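Contents: one structure, followed by commentary.
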Amino acid sequence: MDFELSLKLKADIYDLMQSKDFMKAMDLLELYSDKYGSDPDIVILQSMFYFKLNDLQIAQRILEEGIQKYPLHEDLNYNIGFIYENVEDYHKSAFHFYIAQLVTKDEMLKEELSQKLSVLLSLLKVPVTNILLENKSSIPKVSVIITAYNQENYLKQTIESLLSQTYPNIEIIVADDCSTDGTESMMERFSGEYRVNYKRNTQNLGPGVNGCHAFYQYADGEYVLFVNHDDYLTDPNYVLKAVCLLESNKTLSFVFANCTKLNISTGEEQQTGVYLNEEVNGLHYFMFYETRDYPHITSLLTSVFRRELLFQMECLLEETMSKDLFLYLKLMLAGNVGFIQDNVGVYRVHEQSISYNMPPQYDYSTIKELDSLRGFANKNYFPSDELMDKWLGFRIYAYFRWRFNTLRVQNNYDQIDKIMNFLRQKYSNAYILLKKDAEESELQ
């Protein structure tokens, strides 16, 4: 549809209503809806039409149907808040004014909504938290999964950073994998917090299985955020920003943002510094992941996923300790990638992390999983065998380029030699790239 034509039609409808030519306005509304379908602007114009005819019941119904499709739309929330205020449903009015205030970037409107909220809350004699609790199901739920094991001090900061998020419908699932450091006692301080759901495993599952178990057993939100027990968000509006972007663009399978890498040993901080468009083609990102124009995604901390697509792509069931790699690659196949430029959190790097303590057997199972994903992508998205063979070679190379750095720090050169011999026999493309890297490193 031509964007300029759409704007003109909507402007014409609005002008007709302002001049009280309601018959022509309705004819044009019906023409627009029949030809182009309904969007938030048309929903608002339709409700305005009936409001001007003093039929608040129909105006309210139209806005309620619209808000179900676009729950975080600024103008829809403002207008339905206005209607609820007129029919004296002040609880719902306050909630929608609150959402409109959260999502708007218009400072004058923020101030107006703040004043409206103040009047309504004074009238109701209840805090805004009560209003949010009563109405939170009106907006998509975000399930935040924290896999926890023996990081009591870090975990507290992680949870508090999530409780500071302005987004009203968050459930924080803490999956404690039988910690022995006082985590269970520390979690008692959050026992009265309805947004925190503490689950302690009856036996230690291990970091990969723990996250998978928590997702499939406990997460029921429309969106899912995985947070390690030692990372934390610094932007209180990040979840709101991510959900707004996902809601406004249904082609996105996940959203991520920049963050800060903090080396615990040295205290050094490094900004990820990614620069991308707000929407990136997912298939392109899959094919060229970790090349110049499709950079590495540093941490799950900033990644908000559509839960239905995680199920659809059978995520977290892979036999690997690098499950985040497969989360990204599979969701890139499932949809486009959303990006928010802001730096929103801190990702800690230390020697207790999974990447520093990965058992050698997972080196081979990760190769197997990448080979399996290559077959899936070849069958469903990229029919060229040659293209996918090159993709697989580069993916294995990129994985071990990262993995070998850790093994060198650990002086585990025997494992490096074993992997290189295996790749030389089975995956020559990856072997050649890694061998070239090693030779160039020796020359420097």
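Keep in mind that this is a model prediction, so the values were computed, not measured.
Atom CZ of F382 is surrounded by more than 12 heavy atoms from other residues, nucleotides or ligands within 6.0 Å. Within 6.0 Å of CD on E386 lie no more than 12 heavy atoms contributed by other residues, nucleotides or ligands. No more than 12 heavy atoms of other residues, nucleotides or ligands sit less than 6.0 Å from atom NZ of K379. In K110, the NZ atom is crowded: over 12 heavy atoms of neighbouring residues, nucleotides or ligands sit closer than 6.0 Å.
The side-chain contact (heavy atoms from CB on, under 4.5 Å) with I13 is formed by just one residue from the set L31, L45, D41; it is L45. Residue Q101 forms a side-chain contact (heavy atoms from CB on, under 4.5 Å) with just one option from L109, L113, T166, and that option is L113. Partner K330 forms a salt bridge (Lys or Arg N to Asp or Glu O under 4.0 Å) with one of E369, E314, E318 and no other, that one being E318.
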For residues 413-420, please give each side-chain donor-acceptor pair under 3.5 Å, one per line with the distance, not counting sequence neighbours.
{"residue": "Q415", "atom": "NE2", "partner": "D363", "partner atom": "OD2", "Å": "2.8"}

Q271 and N258: side chain to side chain contact (heavy atoms under 4.5 Å, CB included), yes or no, with the steps? CA-CA 7 Å; Q271 312 295 318; N258 280 306; over 6 Å; no

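A donor-acceptor pair under 3.5 Å links the side-chain atoms of T158 to the main chain of D231, judged by distance alone. Without hydrogens or angle criteria, R424 side chain to Y431 main chain gives no donor-acceptor distance under 3.5 Å. Under a 3.5 Å cut-off, the side chain of N204 and the backbone N or O of C178 do not form any donor-acceptor pair. Using a distance-only test at 3.5 Å, with no hydrogens or angles considered, no donor-acceptor pair links the side chain of H229 to the main chain of L155. The closest donor-acceptor contact from the side chain of N77 to the backbone of H73 lies under 3.5 Å.
Between I367 and L423, some side-chain heavy-atom pair lies under the 4.5 Å cut-off. Looking only at side-chain heavy atoms (C-beta outward), D293 and H284 stay at 4.5 Å or farther from each other.
Within the structure, side chain to side chain donor-acceptor pair (under 3.5 Å) contacts touching residues 206-218 (residues at least two apart or in different chains) are N201-N210.
Taken to the nearest 0.5 Å, the CG atom of N336 stands 7.5 Å off from the CG atom of L283.
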